[in-house]
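Since the structure comes first, as structure tokens, the remarks are kept for the end.
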Amino acid sequence: MATFQTLPGFREFYPEDFARRNHIFRLWRQTANVFGFAEYDAPVLEPLELYKAKSGDEIEAQLFSFTDKGGREVALRPEMTPTVCRLVGARANALKRPIKWFSIAEFFRYERMQKGRGRCFSQFNADIFGEPGPEAEIELISLLIQCLCAFGLTDQDFYVRLSDRNLWFYYLEALGLDEARSRGILGAVDKLEKLGDDAFKDYEAAFGPMDPVLKAKVLALLEIKSLAALEQALGSIGSDKLTARLTDWRKLLGALDAMGLSPFVSVDLGVVRGLAYYTGFVFEAFDRKGELRALAGGGRYDDLVQKLGGPALPAVGFAIGDMTFALLLEQRGLMPAIVQAPDVYCVIGGEKERLAAFADIHALRAAGFRVDYPLRELAFGKQFKVAAETGAKLALIYGADEIAKGVVKIRDLTQRTEVEVPRGQAVASVRDFFTGA
RNA sequence: GCGGUCAUAGCUCAGUUGGUUAGAGCACAAGAUUGUGAAUCUUGGGGUCGCGGGUUCGAGUCCCGUUGGCCGCCCCA
């Protein structure tokens with residue numbers, strides 16, 4: 001038993017675990033690349049103030065924060081958004097538009113562990129800056145969907161709930177509510193799924209008893225599941241803001257439909273995402289069975305870059321967490337058993353034969369083939385057993401007989417066939433085998 | 001921060017009303033086996049029974065505390 005334990009909520013990645021994580025990161029990165037997003041990274045440690053400025057002083061309780069030796073108040077990053085806002089804000093005038101960035105990074109939050117949540121986790125983050133219209137949402141929501149589909153997940157496995165804080169505000173404004181009351185209503189909507197009627201308690205405490213007519217109108221909006229129903233419910237109100245906003249909705253959903261992504265997207269105004277900084281469309285991805293916490297979440301935050309000291313710059317972004325996502329892949333049997341099989345395993349007679357083998361081993365490796373061999377002398381029978389266990393496609397046999405004849409025996413471990421080739425042609429023969437020649 | 005539950009080998013788990021030196025399977029390693037495949041057999045390494053205290057002639061077992069895991073609440077950027 002080790003004397004030292006891993007800190008609570010932290011994870012270790014033994015090679016097998018690392019291979020699984022790599023698989024996830026590789027497909028995320030590949031997907032972001034084909035969507036034309038550029039990868040970036042930034043410090044793990046940031047000024048504590050950066051997070052307080054974005055989320056308020058209370059956030060410190062959820063952070064790994066401390067004072068460094070220079071007396072600076074710092075925190076391990078709990079999310080990427082403030083950081084990326086600072087990066088983009090600092091060079092906003094010099095960056096080529098559109099600004100489409102992504103990152104895959106590790107984050108830290110001082111929280112109690114739960115299924116799908118730890119104190120350290122990785123996130124895929126993607127953001128678009130400088131694009132005020134729904135064109136940015138089109139790119140990001142389609143990227144989000146493809147980031148999950150790349151693993152073999154389908155619309156049977158997950159879906160994206162799409163909502164809009166602007167629509168709520170315009171609607172409540174049309175009903176005669178001021179902004180404070182509207183925010184109160186949104187807070188209640190956020191809690192409605194969990195708390196039921198109790199969700200309105202805070203609102204009633206601040207603004208008095210809930211008007212039953214208003215409540216009915218709010219609940220009616222939550223029932224809407226399609227664009228058509230949305231247009232029917234809101235189009236007739238006669239609000240210019242609502243009418244203009246519905247045009248954005250048509251653009252967004254029309255584009256996603258043209259991509260064939262409609263089966264993944266559901267209109268659901270119950271999603272408001274508590275965060276005060278979201279300013280428009282918001283969306284969250286969930287597993288269809290509803291067994292796991294959110295797979296991904298995001299939305300528009302047009303004011304945040306400026307709030308953090310940059311120029312006024314509209315922005316949309318989302319993040320996918322790795323923990324819940326890995327759980328979903330495992331549930332659906334989509335986490336591949338990753339075997340890091342060598343291309344070639346060398347079977348070696350004795351010390352003399354070993355020297356002969358080294359020439360080919362190094363030449364093959366330099367040519368890009370993955371080659372392995374026993375580090376110590378091993379009985380032939382054992383070596384073939386090991387060769388088979390590693391999953392190698394070919395065995396190259398360097399025995400006393402072969403060396404004497406000036407050949408190498410190449411065994412196809414799958415077909416169980418063997419051929420002899422002259423030494424010096426070993427690399428070429430292996431290359432032919434793997435290129436199908 | 002709160003509640004429930006659990007903790008024996010790398011993994012999955014046995015371990016009698018408290019009783020000798022704590023076991024099995026898998027995994028790992030060596031050999032049978034110095035020229036051909038995941039088999040079989042033999043052998044081996046690996047444990048402060050999470051940690052600390054208490055009760056007892058005697059504690060893996062009972063009691064208290066503590067640390068950690070899992071599940072849930074709060075929160076969830």
Side-chain angles (χ1 to χ4, degrees), chain A residues 1-12 14-16 46 50-56 58-63 75-85 107-119 121 123 125 127 190-191 194-195 273-278 282 284 291-299 301 304 308 317-319 321 323-324 327 339 341 345-353 374 376-404 409-418 420:
Chain A
M1 190 62 67
T3 307
F4 298 106
Q5 303 185 312
T6 314
L7 255 19
F10 283 77
R11 301 181 289 174
E12 278 147 346
Y14 282 77
E16 208 179 297
E46 292 274 17
L50 180 62
Y51 304 112
K52 284 189 175 175
K54 182 205 163 209
S55 308
E58 319 76 48
I59 195 69
E60 189 172 355
Q62 318 272 357
L63 298 177
L76 289 172
R77 63 185 175 195
E79 58 166 328
M80 194 57 108
T81 305
T83 299
V84 71
C85 284
F107 300 94
F108 306 87
R109 295 179 187 176
Y110 201 89
E111 289 186 294
R112 194 78 179 139
M113 293 181 56
Q114 253 175 77
K115 189 176 186 181
R117 190 170 81 177
R119 288 183 169 182
F121 55 93
Q123 275 186 350
N125 272 264
D127 297 90
D190 191 31
K191 293 175 181 158
K194 233 179 210 175
L195 303 182
R273 293 181 69 78
L275 307 324
Y277 66 86
Y278 280 117
V282 290
E284 290 186 330
E291 294 171 347
L292 304 170
R293 56 178 59 241
L295 291 160
Y301 50 96
L304 197 55
L308 294 174
F318 74 86
M323 292 182 77
T324 300
L327 286 173
V339 184
Y345 193 89
C346 293
V347 174
I348 300 168
E351 280 309 312
K352 226 184 271 177
E353 292 80 18
R376 291 178 307 155
E377 272 195 62
L378 220 52
F380 261 72
K382 193 85 162 184
Q383 293 192 52
F384 282 106
K385 197 168 169 179
V386 172
E389 279 171 0
T390 63
K393 303 283 186 304
L394 293 181
L396 262 54
I397 303 161
Y398 298 86
D401 299 350
E402 287 81 3
I403 301 302
K409 195 179 279 178
I410 300 179
R411 180 175 177 83
D412 183 328
L413 289 166
T414 313
Q415 304 296 318
R416 299 184 179 232
T417 56
E418 293 180 348
E420 288 185 348

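A note on names: the letters A, B, ... follow the listed sequences, proteins ahead of strands, and every chain is numbered from 1. Values below: every heavy atom of this structure, side chains too, minus hydrogens, waters and symmetry copies.
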Is any side-chain N or O of Gln383(A) under 3.5 Å from a base N or O of U36(B), one able to act as donor and the other as acceptor? no
Is there a side-chain contact (heavy atoms from CB on, under 4.5 Å) between Ile397(A) and Glu418(A)? Walk through the geometry before answering. CA-CA 10 Å; Ile397(A) 303 161; Glu418(A) 293 180 348; 3.9 Å; yes
side-chain hydrogen bond (donor to acceptor under 3.5 Å, both in side chains) with Thr417(A): which residues, sequence neighbours excluded? none
Can a donor-acceptor pair under 3.5 Å be found between the side-chain atoms of Gln62(A) and the base atoms of G1(B)? no
Among residues at least two apart in sequence or on other chains, which ones pass side-chain contact (heavy atoms from CB on, under 4.5 Å) with Glu284(A)? Val271(A), Arg273(A), Phe286(A)
Please indicate yes or no: is the ring centre of Phe380(A) less than 5.5 Å from the centre of the six-membered base ring of G35(B), with the two planes inclined by under 30 degrees? yes
Can you find a donor-acceptor N/O pair under 3.5 angstrom joining the side chain of Arg273(A) to the base of A77(B)? no
Listed by chain and number, what are the side-chain hydrogen bond (donor to acceptor under 3.5 Å, both in side chains) partners of Glu111(A), not counting sequence neighbours? none
Without placing hydrogens or testing angles, list every side-chain donor-acceptor pair under 3.5 Å for residues 380-391 of chain A, not counting sequence neighbours.
| residue | atom | partner | partner atom | Å |
| --- | --- | --- | --- | --- |
| Gln383(A) | OE1 | Ile348(A) | N | 2.8 |
| Gln383(A) | NE2 | Ile348(A) | O | 2.7 |
| Gln383(A) | NE2 | Leu378(A) | O | 2.7 |
| Thr390(A) | OG1 | Ala387(A) | O | 2.8 |
| Thr390(A) | OG1 | Ala392(A) | N | 3.3 |

Could you list all N or O pairs between the protein and nucleotides 71-74 of chain B that sit under 3.5 Å apart?
| residue | atom | partner | partner atom | Å |
| --- | --- | --- | --- | --- |
| C71(B) | OP2 | Lys115(A) | N | 3.2 |
| C74(B) | N4 | Gln114(A) | NE2 | 2.9 |
| C74(B) | N4 | Arg117(A) | NH2 | 3.2 |

Heavy-atom donor-acceptor pair, Arg77(A) side chain to Pro82(A) backbone, under 3.5 Å: no
Could Arg119(A) and Phe108(A) be counted as a cation-pi pair, given that NZ or CZ must be under 6.0 Å from the ring centre and within 45° of the axis? no
Using a 4.0 Å heavy-atom cut-off to protein, can you give one letter per nucleotide of nucleotides 25-30 of chain B, 5' to 3': B if the base is in contact, S if only the sugar-phosphate is, - if neither? -----S
